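Working notes, structure below.
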Amino acid sequence: MPRLVSKYFGELDYSTEAAFQFPEGIPAFEDQTAFVFLDQPQTHPLVFMQSLGNPGVCFIALPALMADPAYRPDLSPEDLALLGLSPEPPPQAGSDILCLTLVTVSEQADPTVNLASPIVLNLRDRKGVQVIQPSAGYSVRHPLLAQEDLVPCS
Amino acid sequence: MLVIRRRAGEGFLIGPDIEIEVLEVSPTRVKIGILAPGALPIIRKEVLLTRQENLAASRNAPPHTIAWLSQKLSSNSVAGYETPKLDVRRISGVS
């Protein structure tokens, strides 16, 4: 079983069929074309999108429906082609595809999610793409938590 | 912001060697042609925003922030929603 070095969880064994291929990488990381998704009990429901090509490249992700229960990605014919999916019948969320959103955390600012450019995975053929949807009205910095969650308890 | 009204077929220049032409106008989109020196990068704004946000999202996250966030999210979780299995095998080296 191959072994990978992960950014947040040390060395891990994984099976090659667990990897997702990103034929075009993602913007700013075009050379990272294979990722595994780590869903650990101690960090659930966060999912860690770990590059197989570079241990230092790991994104924190969250199923988009957990950030916005009404979330629907707008997949263009080009996105569907990159994922190896056909428009008819429409792919079913949860069984054919999974839509994740990348989380930005820092010490200085409240956590945000990028709902404008979700990561969409083809769960059957293990392919992934970052969908860039300019006109869907979503923000790249959508606040993840309601304000009352951010106020420290007094 | 400078605002210029143009019809399809009309254009304008930015500096001596960048030419922008409006090729086609439909109710929801415009088709724009750009003539510029090859070395000049041209990037769609949403791709640039995605690039910048990906770089921000890839920065090191402090372990206590990750722990706080996952705890917060599991207590707020959407009723009945379960993440589909992503098939990463159980892990050695993590206690």
Side-chain angles (χ1 to χ4, degrees), chain A residues 1 3 6-15 17-18 20 26-29 36-40 42-47 50 56-63 65-66 69 94-95 98 102-107 111-112 114 116-117 121 123 126 130 132-135 140-141 144-146 149, chain B residues 1 20 22-32 34 40-95:
Chain A
M1 194 171 268
R3 177 158 286 201
S6 70
K7 182 170 174 176
Y8 294 107
F9 304 104
E11 284 194 22
L12 312 173
D13 291 331
Y14 70 102
S15 66
E17 65 267 29
F20 281 82
I26 65 172
F29 298 90
V36 289
F37 290 82
L38 310 170
D39 183 3
Q40 300 282 287
Q42 71 271 28
T43 49
H44 189 81
L46 296 174
V47 175
Q50 172 67 53
V57 176
C58 182
F59 299 92
I60 302 174
L62 185 70
L65 288 175
M66 297 198 71
S95 54
L98 171 63
L102 299 185
V103 184
T104 302
V105 295
S106 77
E107 299 270 27
T112 57
N114 181 351
S117 355
L121 302 178
L123 294 172
R126 319 296 291 181
Q130 186 167 28
I132 297 177
Q133 34 185 24
S135 53
V140 295
R141 293 209 160 172
L144 177 53
L145 300 172
D149 289 328
Chain B
M1 185 186 282
I20 313 284
V22 178
L23 300 174
E24 207 178 290
V25 181
S26 81
T28 54
R29 351 177 82 179
V30 287
K31 194 167 169 184
I32 290 169
I34 303 164
L40 203 68
I42 296 172
I43 184 166
R44 284 179 292 148
K45 185 175 173 186
E46 62 273 18
V47 177
L48 179 70
L49 290 175
T50 300
R51 252 188 97 77
Q52 290 168 341
E53 201 52 33
N54 284 349
L55 288 168
S58 73
R59 286 196 198 108
N60 228 3
H64 65 268
T65 310
I66 294 175
W68 167 78
L69 188 57
S70 52
Q71 196 201 357
K72 199 90 230 170
L73 288 166
S74 45
S75 59
N76 285 5
S77 70
V78 177
Y81 182 79
E82 219 177 291
T83 310
K85 285 274 163 285
L86 292 163
D87 293 349
V88 174
R89 291 293 179 267
R90 264 325 85 189
I91 289 180
S92 62
V94 175
S95 54

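Just so we're clear, the structure is a prediction, and the values are computed from it rather than from any experiment. A note on names: the letters A, B, ... follow the listed sequences, proteins ahead of strands, and every chain is numbered from 1.
- Checked by atom type and distance alone, the side chain of Tyr8(A) never pairs as donor or acceptor with a backbone atom of Ile66(B) at under 3.5 Å.
- For Ser58(B) against Phe59(A), the heavy-atom pair with the smallest separation is CB-CE2, 3.6 Å.
- Taking OG1 of Thr112(A) as the reference point, atom CD of Glu53(B) lies at 5.0 Å (rounded to 0.5 Å).
- Of all non-hydrogen atoms in Ser70(B) and Pro45(A), the two that sit nearest each other are O-CD, 3.7 Å.
- When all heavy atoms of Leu73(B) and Met66(A) are compared, the pair lying nearest together is O-CE, 4.5 Å.
- Here the CD1 atom belonging to Ile132(A) is positioned 10.5 Å from the CZ atom belonging to Arg51(B), to the nearest 0.5 angstrom.
- Ala56(B) approaches Arg141(A) most closely through the heavy-atom pair CB-NH2, 3.9 Å.
- In this structure, Val105(A) and Ala61(B) approach most closely via the heavy-atom pair CG2-CB, 3.4 Å.
- No side-chain heavy atom of Leu49(B) sits under 4.5 Å from any side-chain heavy atom of Asn114(A).
- Between His64(B) and Glu107(A), the closest side-chain pair of non-hydrogen atoms falls below 4.5 Å.
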Run the side chain to side chain donor-acceptor pair (under 3.5 Å) check on Gln130(A) and Thr50(B) step by step: do they pass? CA-CA 9 Å; Gln130(A) 186 167 28; Thr50(B) 300; 5.4 Å; no
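- Closest of all the heavy-atom pairs between Leu69(B) and Pro111(A) is CD1-CG, 4.0 Å.
- With a 4.5 angstrom heavy-atom cutoff, Gln133(A) does not touch chain B via any of its atoms.
- Residues Glu46(B) and Ser117(A) bring no donor and acceptor atom of their side chains to less than 3.5 Å of each other.
- Between chain A and the residues Thr65(B), Asn60(B), Leu55(B), the largest count of heavy-atom pairs under 4.5 Å involves Asn60(B).
- Put simply, the side chain of Asn54(B) gets close to the backbone of Pro27(A): a donor and an acceptor are under 3.5 Å apart.
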